[in-house]
Amino acid sequence: MHVKREKRLQHDENLTTERPTFVTHLECAATGERHAADAVHNLSRAGKPLLVRYDLAGVKKALSKQALAARPPDLWRYRELLPVRRVQDIVSLGEALTPLLPLPKLMQKLGGDILVKDEGRLPTGSFKARGLVMAVSMAKAFGIKHMAMPSNGNAGAALAAYASRAGIRSTVFCPEDTPEVNLSEIALQGARVYRVNGLIDDCGKIVAEGKAKLGWFDTSTLKEPYRIEGKKTMGLELAEQLGWSVPDVIFYPTGGGTGLIGMWKAFAELEAIGFIGPERPRMVAVQASGCAPMVRAYEAGAEHAPRWEDAHTIAAGIRVPQAIGDFLILRAVRDSGGFAIAVPDEAIAAALEEVAREEGLLLCPEGAATYAAYKQSLADGRVSRSERVVLFNCATGLKYPLPPVRNTLDRHQPIDFAALS
Ligand SMILES: *Cc1c(COP(=O)(O)O)cnc(C)c1O
């Protein structure tokens, strides 16, 4: 009796320290070639992104919706579908579930059905935390000492925060006009950060060279396999929040596309474990008119998206001239019956103001782009009013330069309250 109980205790302890994970291997997203799990990887041998594969039949047996419902409300509740094997490798800053907020006034105005997934509540104020908590936890498991990345701001901030917490060095290269607050938070959170007179892909070249010369670990979007696993949790969480169903349409502000590809992967995994059926949302890739390589490729019927020259937009997070996962983004958009759409900066700014004023929700410009794209899609008939849409607000609006306020009041003078009424 006694021995048995001891044994069980030990077993339970193992479950919490040595997670029963289900990773079987990594797979080249282009060729399907298998790569070993539990080894340090960047791109596949074919130079393409690697996707993590799981024993989904095993997950199906091990995990029920009821068991999941009883777990703490954070990203780690989906552990069977995540790559981290040991609890002690998790470098958490509290990856809370993010709310799904209706926009009642705007729904009435437009006659549509709109929910905003507000990712600004995550650590470091953006959904980049989802990806980087996974990448850094895996790096810790592998004993990686120095991580580097090119970033438009939010990814660098998340890398800096988690890497410092894990005791890993980090170096970040940003385009020189990256929002000031991002550069400051990256530096304060313990990374070395440099402004580079170029765009994010120019910064990426410096990282690649540093990898060759100094042995940095290249943490660029889709050049390491685990950020996408973290971003995938947006899809898992969304389906759970909607009672294990999916919305009709997802509007996703697309830069490197990790989130869009990740959610598409999440829905397939959820179907494989029997949590949802074959239904899928239409995936809409939203870009800015000043940097829209995916939209151009989508409209041309192309499989790849060549570099967009002279990229410019106020939505810094989606100013990505060329994406290594282009074919995966375009595939998900097409397979889902979705589309790619570009919105001008003026429409992004107007959308940001409208949602803040009407609904009290301060979106980031990239999030505002999804609302602008939704309105444009209603107007041109690509989305109907009866469709339930989810817009992704990927960061808190507080991380961006905000318009100044010029009203002043001299309290030593008589106050004209009539003018204030
Ligand atoms: C990174 C980022 C995006 C783009 O996300 P991807 O998944 O890399 O396409 C959009 N908005 C913000 C605020 C971001 O930081």
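Computed from a predicted model, the values in this text were never measured in an experiment. In listed order, ligands and their atoms are each counted from 1. Each residue takes its place number in the sequence, starting with 1.
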*Asks:* Please identify which atoms of ligand 1 are closer than 4.0 Å to at least one heavy atom of Tyr400.
*Replies:* 13 (C)

*Asks:* Using a 4.0 Å cut-off to any heavy atom of Gly317, which atoms of ligand 1 qualify?
*Replies:* 1 (C), 2 (C), 3 (C), 4 (C), 14 (C)

*Asks:* Which residue owns the protein heavy atom closest to atom 1 (C) of ligand 1, what's the atom, and how far is it?
*Replies:* Lys128 NZ, 1.2 Å

*Asks:* Indicate yes or no: does Arg280 engage Asp335 in a salt bridge with an N to O separation below 4.0 Å.
*Replies:* no

*Asks:* So do the side chains of Leu115 and Pro247 get within less than 4.5 Å of each other, counting heavy atoms only?
*Replies:* no

*Asks:* Are any of the N/O atoms in Cys364 less than 3.5 Å from those in ligand 1?
*Replies:* no

*Asks:* Taking only heavy atoms of Tyr252, which atoms of ligand 1 are found under 4.0 Å from at least one of them?
*Replies:* 5 (O), 6 (P), 7 (O), 9 (O)

*Asks:* Considering only heavy atoms from C-beta outward, does the side chain of Tyr371 approach that of Glu354 to under 4.5 Å?
*Replies:* yes

*Asks:* Would you find a donor on one side and an acceptor on the other, under 3.5 Å apart, between the side chain of Glu279 and the backbone of Gly277?
*Replies:* yes

*Asks:* Which ligand 1 atoms does Cys394 reach within 4.0 Å, using its non-hydrogen atoms?
*Replies:* 10 (C), 11 (N), 12 (C), 13 (C)

*Asks:* Report the part of Val320 in contact with ligand 1, treating N, CA, C, O as backbone and CB onward as side chain, heavy atoms under 4.0 Å; options are side chain, backbone, both, neither.
*Replies:* neither

*Asks:* Is there a heavy atom of Gly257 sitting under 4.0 angstrom from any atom of ligand 1?
*Replies:* yes

*Asks:* Tell me the contacting part of Thr258 for ligand 1: side chain, backbone, both, or neither, using a 4.0 Å heavy-atom threshold, strictly below.
*Replies:* both

*Asks:* So, are Arg71 and Glu80 salt-bridged, with charged N and O less than 4.0 Å apart?
*Replies:* yes

*Asks:* Consider only side-chain N and O atoms of Gln287 and Thr254, and report whether a donor and an acceptor are under 3.5 Å apart.
*Replies:* no

*Asks:* If you take the nearest heavy atom of each of Asn154, Ile228, Thr124, which one is closest to atom 13 (C) of ligand 1?
*Replies:* Asn154

*Asks:* Looking only at distances, please establish whether an N/O atom of ligand 1 is found under 3.5 Å from an N/O atom of Gly255.
*Replies:* yes

*Asks:* Test your reading of the structure: does Glu366 have an N or O sitting under 3.5 Å from an N or O of ligand 1?
*Replies:* no

*Asks:* Taking distance alone, with N or O pairs closer than 3.5 Å, would you say Thr254 contacts ligand 1?
*Replies:* no

*Asks:* Could Arg77 and Glu237 be called an ion pair, given the rule that one side-chain N must be under 4.0 Å from one carboxylate O?
*Replies:* no

*Asks:* Show which atoms of ligand 1 fall inside a sub-4.0 Å distance from at least one heavy-atom site of Ile318.
*Replies:* 10 (C)

*Asks:* Which of the numbered atoms in ligand 1 are below 4.0 angstrom from a heavy atom of Gly259?
*Replies:* 7 (O)

*Asks:* Assess the side chains of Ser137 and Asp89: does a donor N or O sit below 3.5 Å from an acceptor N or O?
*Replies:* no

*Asks:* Can you tell me if Tyr374 and Glu387 form a side-chain donor-acceptor pair at under 3.5 Å?
*Replies:* no

*Asks:* Any donor-acceptor pair under 3.5 Å linking the side-chain atoms of Thr258 with those of Arg227?
*Replies:* no

*Asks:* Answer yes or no: does atom CZ of Arg388 have more than 12 heavy-atom neighbours from other residues, nucleotides or ligands under 6.0 Å?
*Replies:* no

*Asks:* Within ligand 1, which atoms have a heavy atom of Lys231 less than 4.0 Å away?
*Replies:* 5 (O), 6 (P), 7 (O), 8 (O)

*Asks:* Can you list the ligand 1 atoms lying under 4.0 Å from a non-hydrogen atom of Pro253?
*Replies:* 4 (C), 5 (O), 9 (O), 10 (C)

*Asks:* For ligand 1, is Ala155 a contact, meaning one of its heavy atoms is under 4.0 Å away?
*Replies:* no

*Asks:* If we only count heavy atoms from C-beta on, is the Asp38 to Val23 side-chain gap below 4.5 Å?
*Replies:* no

*Asks:* With nothing but distance in play, are any N or O atoms of Thr221 less than 3.5 Å from an N or O of ligand 1?
*Replies:* no

